[in-house]
Enquirer: 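To start, I am sharing the structure in question, which I have written as structure tokens.
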Amino acid sequence: MNLIVSSIGQGLLWALLGLGLYLTFRILDFCDMTVEGTFPLGAATAVTAIANGINPFLATLLAIGAGMIAGLITGLLYTKGKIPSLLAGILTMTAIYSVDLRIMGKSNISLLGKPTLFNGNFLRQLPQFFDSVTVGLIVIIIVTILMMIFLATDYGQAFIATGDNPTMAKSLGIHTDKMINVGLMVSNGMVALCGALVAQSNGYADVNMGIGTIVIALASIIIGEVAFGDLTLNQRLVAVTLGSIIYRLILLAVLQLGFSANDLNLISSIVLAICMMLPQLEKVVNLKKPILKGVQPHE
């Protein structure tokens, strides 16, 4: 039971990663690789700040700010430098690795004996692993509601229009470059927040903890879409969180079958590939059904 509770808690915390990427990948139609850098950047910023005596809440806000700056850099490389989106993200992500080492001064930092958002007086009274569930639930509810409110505003609709049809958006007087920059800032700020919370939950930050994070984010998005089908935009935001929890439970089930934790990235890729192929597999099955019943398909 403790393992299930822990997986749900991790799913709630990592859902922020999925929501952040959803803004750029699905709504803005921007392939942003920066998230692989902003996740450890958020962790490095928050953990270093806490280790130097800064309040955990303020340290987390600093992490969000660092992530937003990284997102803005990618946006400027794309909008002003005319560098392709994929390459712009990779350039920023690569540069962030050195920035993380500068911030931490070494490859990893421990939070042993330091205060975090997960060891407050109230959270200490909860059963084991319920601290991550409580913090994750509070944060994900606040972030999801704020996203719903934002996307329902005129500015949010302009943001959606930029992703749907940039040419039409420009003809309507929407500053698409500005929308892309804002979208990348908000998205990477959320990813950095996820990194800060995960690092505080785990008790350490490491420069390599961002490897494979984009696959985890995509898995949350795809699993949520496949599991719950056609949904409204607001429902899709909730589905991303549920997809993140389902993904964590799948990993738990796989590990219980005897696989090594070293295989997690491989398993993540396989799970994501299967989920993305499900629509095609359903089409194949539906096409074969009439033949299996002895009925010829119509020409």
Side-chain angles (χ1 to χ4, degrees), residues 6 9-10 13-17 20-21 32-77 81 83 87-120 123-124 131-132 135-136 139 143 181 184-217 261-262 264-265 268:
S6 175
Q10 289 296 307
L13 294 177
W14 284 85
L16 289 166
L17 181 67
L21 190 65
D32 184 24
M33 289 294 294
T34 318
V35 296
E36 293 242 350
T38 45
F39 181 85
L41 175 63
T45 303
V47 170
T48 302
I50 293 171
N52 284 279
I54 295 178
N55 180 275
F57 182 76
L58 180 57
T60 304
L61 292 179
L62 290 174
I64 296 173
M68 294 180 74
I69 292 172
L72 177 61
I73 291 171
T74 298
L76 292 175
L77 288 174
I83 298 175
L87 183 56
I90 291 174
L91 288 173
T92 307
M93 174 190 71
T94 304
I96 287 175
Y97 184 88
S98 295
V99 174
D100 290 341
L101 289 173
R102 284 283 186 178
I103 291 172
M104 295 194 295
K106 50 186 177 181
S107 60
N108 56 71
I109 294 179
S110 173
L111 284 176
L112 186 64
K114 299 291 183 180
T116 69
L117 294 177
F118 294 85
N119 57 17
L123 295 173
R124 288 176 183 173
D131 54 347
S132 59
V135 174
V139 174
V143 170
N181 288 334
L184 288 169
M185 288 177 68
V186 173
S187 170
N188 284 282
M190 291 170 59
V191 173
L193 171 60
C194 178
L197 293 177
V198 170
Q200 291 179 64
S201 177
N202 294 342
Y204 71 94
D206 189 280
V207 291
N208 295 314
M209 66 190 300
I211 297 175
T213 49
I214 195 166
V215 175
I216 297 172
N262 295 329
L264 284 181
N265 283 343
S268 299

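In this chain, numbering begins with 1 at the start of the sequence shown.
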Enquirer: Looking at every heavy atom in both P115 and I50, which two are closest together, and how far apart are they?
Expert: O-CG2, 3.2 Å
Enquirer: Are V198 and F39 side-chain neighbours, meaning at least one heavy-atom pair lies under 4.5 Å?
Expert: yes
Enquirer: Please lay out, stage by stage, how V47 and M104 fare under the test side-chain contact (heavy atoms from CB on, under 4.5 Å).
Expert: CA-CA 8 Å; V47 170; M104 295 194 295; 5.7 Å; no
Enquirer: Which heavy atom in G42 sits nearest to a heavy atom in A63, and how many Å separate them?
Expert: O-CB, 3.3 Å
Enquirer: Between T48 and N52, is any pair of side-chain heavy atoms under 4.5 Å apart?
Expert: yes
Enquirer: State, with a plain yes or no, whether a side-chain heavy atom of V191 is found less than 4.5 Å away from one of L16.
Expert: no
Enquirer: With rounding to the nearest 0.5 Å, note down the distance linking CG in L197 to OG in S132.
Expert: 11.0 Å
Enquirer: Verify side-chain contact (heavy atoms from CB on, under 4.5 Å) between L193 and V139, making sure each step is shown before the conclusion.
Expert: CA-CA 10 Å; L193 171 60; V139 174; 4.1 Å; yes
Enquirer: Between D32 and N188, do the side chains contain an N or O donor and an N or O acceptor separated by less than 3.5 Å?
Expert: yes
Enquirer: When rounded to the nearest 0.5 angstrom, what is the spacing between OG1 in T116 and CZ in F57?
Expert: 14.0 Å
Enquirer: Restricting to side chain to side chain donor-acceptor pair (under 3.5 Å), what partner residues turn up for S187, sequence neighbours left out?
Expert: none
Enquirer: Got a second to check how far T38's OG1 is from I96's CD1, nearest 0.5 Å?
Expert: 5.5 Å
Enquirer: Decide yes or no for Q10 and N202: does some side-chain heavy atom of the first lie under 4.5 Å from some side-chain heavy atom of the second?
Expert: yes
Enquirer: What's the verdict on side-chain contact (heavy atoms from CB on, under 4.5 Å) for D131 and N119, showing C-alpha distance, side-chain angles and the deciding distance?
Expert: CA-CA 8 Å; D131 54 347; N119 57 17; over 6 Å; no
Enquirer: Any side-chain heavy atom of K106 within less than 4.5 Å of one from L101?
Expert: no
Enquirer: Enter the distance from K114:NZ to I109:CD1 here, rounded to the nearest 0.5 Å.
Expert: 10.5 Å
Enquirer: Find the distance between OG1 (T213) and CE (M93) and round it off to the nearest 0.5 Å.
Expert: 9.0 Å
Enquirer: Apply side chain to side chain donor-acceptor pair (under 3.5 Å) to T74 and list each qualifying residue two or more places apart in sequence or on a separate chain.
Expert: T34, T92
Enquirer: Check whether any side-chain heavy atom of V207 lies under 4.5 Å from a side-chain heavy atom of Y97, and answer yes or no.
Expert: yes
Enquirer: So which heavy atom on A43 is nearest to which on A199, and how close?
Expert: CB-CB, 3.6 Å
Enquirer: Determine the minimum heavy-atom distance between L13 and G136, stating which atoms define it.
Expert: CD2-CA, 3.7 Å
Enquirer: Just verifying a value: how many Å separate I103 CD1 and S98 OG, rounded to the nearest 0.5 Å?
Expert: 11.0 Å
